[in-house]
Participant: 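Take this structure, written in structure tokens, and hold onto it; I'll ask about it next.
Every value quoted in this text rests on a predicted model; they were computed, and no experiment measured them. For ligands, and for the atoms within them, numbers begin at 1 and follow the listed sequence.
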Amino acid sequence: MKRVTVQTLKEMKANRQKVTVLTAYDYTFAKILDEAGIDILLVGDSLGNVILGYEDTLPVTVEDIMHHTKAVARGAARAMVVADMPFMSYQVSDEKAMENAGDIMKFTGAHAVKLEGGTRIAGLVKKMTDAGIPVMGHLGLTPQSVHQFGGYSLQAKEVGEAKVLLEDSLALEEAGAFAVVLEKIPAELAELVTVRLSIPTIGIGAGPACDGQVLVAQDMLGMFDKFVPKFVKQYANLKATIDKAVKKFITDVNTDAFPASDHSYHMNKEALERFMAKLDKELEEIK
Ligand code: KIV
């Protein structure tokens, strides 16, 4: 089976073939999504919200991302694995950023890293790509800046911000990024950026014109209902399915319906008889 690479994505954009991306944080999910045919598995720092139960992505560490990326990489036979660089793992200095990206690439099995930001980080993106580290950009609503934005609202809806976003996307392309995530921006702007860029745009809340779409797997499977953004389509309601299964398990255990004979291991009849006889003999001797 041929691995999805940076080259594959270039060809997909040229052939107007859509790129599908879902987040994954563990081996079992990665394997299911990979076998279903997803092109890219993103070990997003949404790990913080979805798996670790934080309020936002800020507390996620490089160690957290590395731990989960290793598991995802073991489950991905075809998909490209992209690891998010967490908050403050690439902002302090380019040297520290290169070290962190290098560790992620060396020790986890990731094929690329993702960074939030545009012109501001273009120099760093160039250093990474020059060093052979494929970089995916992320513009628009960048959750690591939630406190600067004051929430998770729609981005780049005014002319000035839209112009900056377009410039940022061109700066990322120029710096060598192989794709760029566009999060929660007007569909019209995402379309314009998609037409202008030669690299694929991956939308999340950015309309249908993007070259690909990304969603958090737990959102689209209906497992995470703490907050469901407008841009999420729920393709299943796994929370309800799991809830039903767990309640049935509890009932079955309480009523001795589980485990049934089929789920149990049995001693052969003759061994059981000999064992019982031995116990009886021992009891006799004690008396
Ligand atoms: O962390 C994440 O899951 C992401 C995607 C939602 C794009 O950055």
Side-chain angles (χ1 to χ4, degrees), residues 9 18-26 29-30 33 38-62 64-69 71-72 76 79-91 101 104 108 110 112-118 121 134-146 149 152-156 165 168-169 172 177-185 190 193-194 199-207 210-221 223-224 226-235:
L9 299 174
K18 294 278 185 175
V19 180
T20 54
V21 186
L22 285 174
T23 62
Y25 318 99
D26 65 47
F29 254 89
L33 304 181
I38 281 293
D39 298 315
I40 299 178
L41 291 175
L42 172 65
V43 187
D45 59 1
S46 50
L47 164 72
N49 312 82
V50 178
I51 303 296
L52 303 176
Y54 297 135
E55 280 302 311
D56 52 48
T57 61
L58 272 57
V60 175
T61 64
V62 173
D64 291 333
I65 288 287
M66 288 181 71
H67 179 72
H68 288 269
T69 305
V72 168
M80 172 191 259
V81 176
V82 179
D84 237 344
M85 293 205 60
F87 180 58
M88 281 302 151
S89 69
Y90 56 97
Q91 292 91 339
I104 291 171
T108 67
V113 295
K114 178 166 83 59
L115 274 66
E116 296 184 3
I121 59 154
V135 177
M136 177 182 266
H138 187 159
L139 295 172
L141 175 60
T142 45
Q144 289 174 14
S145 304
V146 58
F149 293 146
Y152 295 98
S153 54
L154 180 69
Q155 298 296 303
L165 190 136
D168 279 343
S169 67
L172 288 173
F178 71 89
V180 57
V181 169
L182 300 175
E183 180 163 353
K184 209 169 180 183
I185 62 168
V193 172
T194 301
I199 56 173
T201 57
I202 311 293
I204 173 162
C210 294
D211 297 303
Q213 296 292 328
V214 55
L215 284 175
V216 168
Q218 278 76 357
D219 284 345
M220 62 86 77
L221 293 171
M223 296 173 77
F224 190 77
K226 201 168 160 190
F227 172 68
V228 183
K230 168 186 156 88
F231 58 72
V232 169
K233 178 170 174 181
Q234 290 187 327
Y235 287 84

Participant: Between Gln213 and Leu22, is there a donor-acceptor pair closer than 3.5 Å when you use the side chain of the first and the backbone of the second?
Facilitator: no
Participant: Of the non-hydrogen atoms in Met220 and Val232, which two are nearest, and what is the gap between them?
Facilitator: N-CG1, 4.4 Å
Participant: Going by atom types only, do Asn49 and Ser46 share a side-chain donor-acceptor pair under 3.5 Å?
Facilitator: no
Participant: What pairs with Asp211 under salt bridge (Lys or Arg N to Asp or Glu O under 4.0 Å), at least two apart in sequence or on another chain?
Facilitator: Lys13
Participant: Is there a donor-acceptor pair under 3.5 Å between the side chain of Gln144 and the backbone N or O of Met85?
Facilitator: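 Side chain of Gln144 to backbone of Met85: a pair is present.
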Participant: Write 'none' if nothing qualifies; otherwise put on separate lines each N/O atom of ligand 1 with a protein N/O atom under 3.5 Å away and their distance to 0.1 Å.
Facilitator:
unit_1	atom_1	unit_2	atom_2	d
ligand 1	1 (O)	Asp45	N	3.1
ligand 1	1 (O)	Asp45	OD1	3.1
ligand 1	1 (O)	Ser46	N	3.0
ligand 1	1 (O)	Ser46	OG	3.3
ligand 1	1 (O)	Asp84	OD2	3.2
ligand 1	3 (O)	Ser46	OG	2.5
ligand 1	8 (O)	Lys114	NZ	3.0

Participant: Show your working on side chain to side chain contact (heavy atoms under 4.5 Å, CB included) between Lys230 and Lys184 and close with a plain yes or no.
Facilitator: CA-CA 10 Å; Lys230 168 186 156 88; Lys184 209 169 180 183; over 6 Å; no
